[in-house]
Amino acid sequence: MKYDELKLIVNQVKSKREALLTSFTTEKLKLKNILLDNIDNNEVNSIRVHKFLTSSGELGKVKIARFLESIDLDENTKISDLNIKHIDSIINFIEQ
């Protein structure tokens, strides 16, 4: 693989990761679909849940960290570590 090809691939992955971070929404169905669609996406599923939930500034970092601990996750939990129960808990928390 040539350097230019590798650079292009890296930039594409970077763009996908940035797009995921900016796609955060508090709309229940959209958020659930975003998380479910990306659990198995190896290009973006290493993003930390805490970063995803707080990157927009809508949700407080400390509040989210405490919530994650309450469902046996932490600030280092990645999207790939989530299951449907975690996602439902996140949705319920954000709805409050």
Side-chain angles (χ1 to χ4, degrees):
M1 182 176 297
K2 293 181 180 180
Y3 174 76
D4 290 335
E5 293 171 357
L6 182 60
K7 187 175 176 181
L8 178 64
I9 292 169
V10 168
N11 285 332
Q12 288 172 341
V13 170
K14 185 177 178 181
S15 293
K16 289 177 185 178
R17 293 175 68 85
E18 289 172 4
L20 178 62
L21 289 174
T22 59
S23 71
F24 174 77
T25 179
T26 56
E27 291 182 44
K28 178 181 176 178
L29 187 56
K30 285 184 181 180
L31 181 59
K32 187 171 188 171
N33 287 335
I34 289 169
L35 291 171
L36 287 173
D37 290 345
N38 288 290
I39 285 176
D40 295 323
N41 182 341
N42 291 331
E43 294 176 335
V44 297
N45 68 3
S46 62
I47 293 174
R48 292 177 300 111
V49 176
H50 185 268
K51 182 174 183 169
F52 173 69
L53 295 176
T54 61
S55 64
S56 70
E58 290 183 55
L59 303 173
K61 291 181 178 186
V62 173
K63 188 175 181 180
I64 292 299
R66 288 183 181 150
F67 162 71
L68 291 174
E69 287 178 5
S70 75
I71 60 170
D72 297 323
L73 300 176
D74 62 30
E75 293 180 51
N76 296 315
T77 302
K78 295 177 177 25
I79 291 174
S80 62
D81 300 328
L82 296 176
N83 61 38
I84 192 69
K85 183 179 174 186
H86 294 135
I87 292 172
D88 288 340
S89 295
I90 291 168
I91 300 299
N92 291 334
F93 176 77
I94 291 174
E95 283 184 322
Q96 298 176 1

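Just so it is clear, the values below take in all heavy atoms, side chains as well, and ignore hydrogens, waters and symmetry mates.
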> From R66 CZ over to F93 CZ, what is the distance, rounded to the nearest 0.5 angstrom?
Replying inline: 10.5 Å

> Side chain of N45, backbone of I39: donor and acceptor closer than 3.5 Å?
Replying inline: yes

> Could you go step by step and tell me if D81 and V49 meet the side chain to side chain contact (heavy atoms under 4.5 Å, CB included) rule?
Replying inline: CA-CA 9 Å; D81 300 328; V49 176; over 6 Å; no

> Roughly how far, to the nearest 0.5 Å, is CZ of F52 from CD1 of I34?
Replying inline: 5.0 Å

> Which heavy atom of D74 sits nearest a heavy atom of L68, and at what distance?
Replying inline: O-CD1, 3.7 Å

> Is it the case that more than 12 heavy atoms not belonging to D40 sit under 6.0 Å from its CG atom?
Replying inline: no

> Stepwise, does the side chain to side chain contact (heavy atoms under 4.5 Å, CB included) test hold for L36 with K32?
Replying inline: CA-CA 6 Å; L36 287 173; K32 187 171 188 171; 3.9 Å; yes

> What is the minimum heavy-atom distance between R48 and E75, and which atoms define it?
Replying inline: NH1-O, 3.2 Å

> Can you tell me how far the CD atom of E58 sits from the CG atom of L53, to the nearest 0.5 Å?
Replying inline: 10.5 Å

> Any idea which heavy atoms bring R17 and S46 closest together, and the distance?
Replying inline: NH1-OG, 2.9 Å

> Which atom names give the shortest non-hydrogen contact between K51 and L21, and what distance separates them?
Replying inline: CE-CD1, 3.8 Å

>> Let me check something: do I47 and V13 share a hydrophobic cluster, defined by ILVMFWY side-chain heavy atoms less than 4.5 Å apart, either directly or through other members?
In response: no

> Are the side chain of S56 and the backbone N or O of F24 linked by a donor-acceptor pair below 3.5 Å?
Replying inline: no

> Quick one: which of N41, V44, L20 gives a side chain to side chain contact (heavy atoms under 4.5 Å, CB included) with I79?
Replying inline: L20

> Can you check side chain to side chain contact (heavy atoms under 4.5 Å, CB included) on I9 and E43, steps first, answer last?
Replying inline: CA-CA 11 Å; I9 292 169; E43 294 176 335; 6.0 Å; no

>> Once rounded to the nearest 0.5 Å, what's the spacing between atom CD1 of I71 and atom OG1 of T77?
In response: 8.0 Å

> At their closest point, which heavy atom of G60 faces which heavy atom of T54, and how far apart are they?
Replying inline: O-CG2, 4.0 Å

>> Return the NZ to CG distance between K28 and D88, rounded to the nearest 0.5 Å.
In response: 8.0 Å

>> Any side-chain to backbone donor/acceptor pair from H50 onto I64? Under 3.5 Å, distance only.
In response: no

> Distance from E18 atom CD to S23 atom OG, nearest 0.5 Å?
Replying inline: 12.0 Å

